[in-house]
Amino acid sequence: MTTPTNDHFDTLAVHAGVHADPATGAIMTPIYQTSTFVQTDINEHKGYDYARAGNPTRTALEEALAALEGGRFGLSFASGMAAIDTVLRLVRPGERVLCGNDLYGGTFRLFDKVLADYGIVFDYVDTTDTAAVREALAAAPARLVWLETPTNPTLRLTDIAAVSSAARAAGAWVAVDNTFASPALQRPLALGADFVLHSTTKYLGGHSDVVGGAVVLNDEAAYERLKFLQKAVGAVSGPMDCFLTLRGIKTLGIRMRAHCDNGLAVAQFLEDHPAVERVFYPGLESHPQYELARRQMAGPGGMVSFTLHGGEAAARAVARRTRLFTLAESLGGVESLIELPSAMTHASVAGPEALAAGFAVDAGLVRLSVGIEHPDDLIADLQQALAGV
Ligand SMILES: Cc1ncc(COP(=O)(O)O)c(C=O)c1O
């Protein structure tokens, strides 16, 4: 079977990277649970010598990831953070990275508490404001511009095409963490970005049963360096994890349609609820970047955040009261989750460094990962949880 080259995402998602097993004809890529590969003579083998350097299950996943993002090369890692860390190793000590100031808390922690110690300079700017990005690039050279769009947790958007063209003119690469949208809804490489990042733990895996990360890119020299780093540093994904992610990918297109439909239904319900102060969802006309969302994304996704008139106490009460929305970190699985970013996923975005960088996670913000259950059940659950707060 050859990898389809057409533009139908659902077809790509089912077939990309998957080839009938040459030994048995198995239609599903086997889990090559092996650490090493027999050599017929010194350095003579079938393309694999040691599983940190490469494994056929990982190769299938890496081909699938590249195809879904419309990129030439894909690399799979043990976690989203490992993928992010590996891309940052392309930046030399003393060089500058310009980052959005509304990022996943773990990404900020890696930049601020780990990589800054190795001499990489991180500056934070509101990347939703393209003029502010241009100004920051003009003020000092940058090696890399780091974007998350939509952002975690306030669902703000960056105009990828506009920022990529400004970055290119200034000689900087652009990396986009595409975890929230998934390639079913947004393809940053086609909009001019150089690297696409994923926590495949989320929508790509889709079933809350695996942790993984990915990088997709077009530039061959950067790919060779990242592939070398993947092997040299060693934060690779294991064969079982690759298999689970490949399995999840097959239904990405239909899952994302359900996440978008349910996300919109939940966001509209919340917007009309008297206890709710503000809803953050790019599919609502009230979202300040609704037009950009329609232009840049094929759908608004399944992540919805909101604040309540009752503030933090009300937010905590709602998070404790939902039954179908399970209180847990993470997102992008088939089941709906609820959490309080300031106390949970974004607890590391606190303190003077985060404030100085312009991060501000409202203690009363509630984040929902809207799953693919029936929307009436999801709304009924929120209705009962919001009653009287
Ligand atoms: C937007 C985003 N990027 C990266 C990560 C990190 O991925 P992982 O948890 O797979 O290391 C997360 C995790 O929540 C995330 O939400």
Side-chain angles (χ1 to χ4, degrees), residues 61 65 69 74-88 97 99-115 127-128 144 146-158 160 175-186 188 193 195-216 230 233-238 240-242 244-245 248-249 256 259 280 282 297 301-305 327-333 337-349 359 361 365 367-370:
L61 174 59
L65 291 163
E69 283 290 0
L75 290 160
S76 168
F77 292 88
S79 68
M81 293 319 304
I84 295 171
D85 178 64
T86 306
V87 169
L88 264 294
V97 180
C99 316
N101 62 1
D102 185 19
L103 300 175
Y104 166 57
T107 304
F108 176 69
R109 182 175 55 200
L110 174 69
F111 292 176
D112 184 57
K113 298 273 187 293
V114 181
L115 297 173
T127 55
T128 66
L144 175 66
W146 190 271
L147 308 176
E148 227 176 73
T149 179
T151 57
N152 182 359
T154 55
L155 285 306
R156 291 194 286 156
L157 308 189
T158 291
I160 299 172
V176 178
D177 184 332
N178 201 26
T179 298
F180 264 38
S182 93
L185 303 182
Q186 179 171 276
F195 305 94
V196 182
L197 277 292
H198 280 283
S199 168
T200 55
T201 316
K202 311 297 173 0
Y203 288 107
L204 285 155
H207 296 76
S208 307
D209 53 9
V210 61
V211 171
V215 183
V216 180
Q230 183 193 43
V233 179
V236 296
S237 40
M240 180 70 185
D241 291 355
C242 292
L244 287 169
T245 309
I249 280 174
M256 289 314 292
H259 285 297
F280 303 80
M297 302 174 71
M303 298 303 297
V304 181
S305 294
L327 181 62
E329 302 202 3
S330 202
L331 62 108
L337 303 179
I338 187 166
E339 67 121 2
L340 252 64
S342 67
M344 296 169 67
T345 50
H346 289 67
S348 52
V349 185
F359 286 82
V361 183
L365 189 80
R367 193 189 77 180
L368 303 176
S369 174
V370 182

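When a ligand or atom number is given, it counts from 1 through the structure's own listing order. Note that these values count all heavy atoms, side chains included, but never hydrogens, waters or copies made by symmetry. Nothing here was measured: the structure is a model prediction, and the numbers come from that model.
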**Complete:** Checking heavy-atom distances from atom 10 (O) of ligand 1 to each of Thr201, Leu103, Asp85, the winner is Thr201
**Item:** Taking atom 16 (O) of ligand 1 as the reference point, the nearest protein heavy atom with its distance
**Value:** Asn152 ND2, 3.0 Å
**Message:** Quick test: of every protein heavy atom, which one is nearest to atom 15 (C) of ligand 1, and how far off is it to 0.1 Å?
**Reply:** Tyr104 CG, 3.6 Å
**Complete:** Looking only at heavy atoms, the pair that brings Gly205 and His207 closest together is O-ND1, 2.9 Å
**Asked** Hey, does Cys99 have a side-chain heavy atom less than 4.5 Å from the side chain of Glu148?
**Response** no
**Asked** Do any nitrogen or oxygen atoms of Phe180 come within less than 3.5 Å of a nitrogen or oxygen of ligand 1?
**Response** no
**Prompt:** Are the side chains of Leu331 and Tyr203 in touch, meaning some heavy atoms are under 4.5 Å apart?
**Reply:** yes
**Heavy-atom side-chain contact between Pro153 and Leu365 under 4.5 Å** = yes
**Message:** Working note: Thr200 + Thr245, criterion side chain to side chain donor-acceptor pair (under 3.5 Å); need CA distance, chi angles, decisive distance, verdict.
**Reply:** CA-CA 7 Å; Thr200 55; Thr245 309; 4.6 Å; no
**Asked** Roughly how far apart are Phe359 CZ and Thr151 OG1, rounded to 0.5 Å?
**Response** 10.0 Å
**Prompt:** How far is atom 2 (C) of ligand 1 from its nearest protein heavy atom, and which residue and atom name does that atom have?
**Reply:** Asp177 OD2, 3.5 Å
**Message:** With the threshold set at under 4.0 angstrom, would you say Gly212 reaches ligand 1 through any of its heavy atoms?
**Reply:** yes
**Request:** Could you tell me whether Leu331 and ligand 1 have an N or O pair separated by under 3.5 Å?
**Result:** no
**Complete:** for atom 14 (O) of ligand 1, nearest protein heavy atom and its distance come out as Lys202 NZ, 2.7 Å
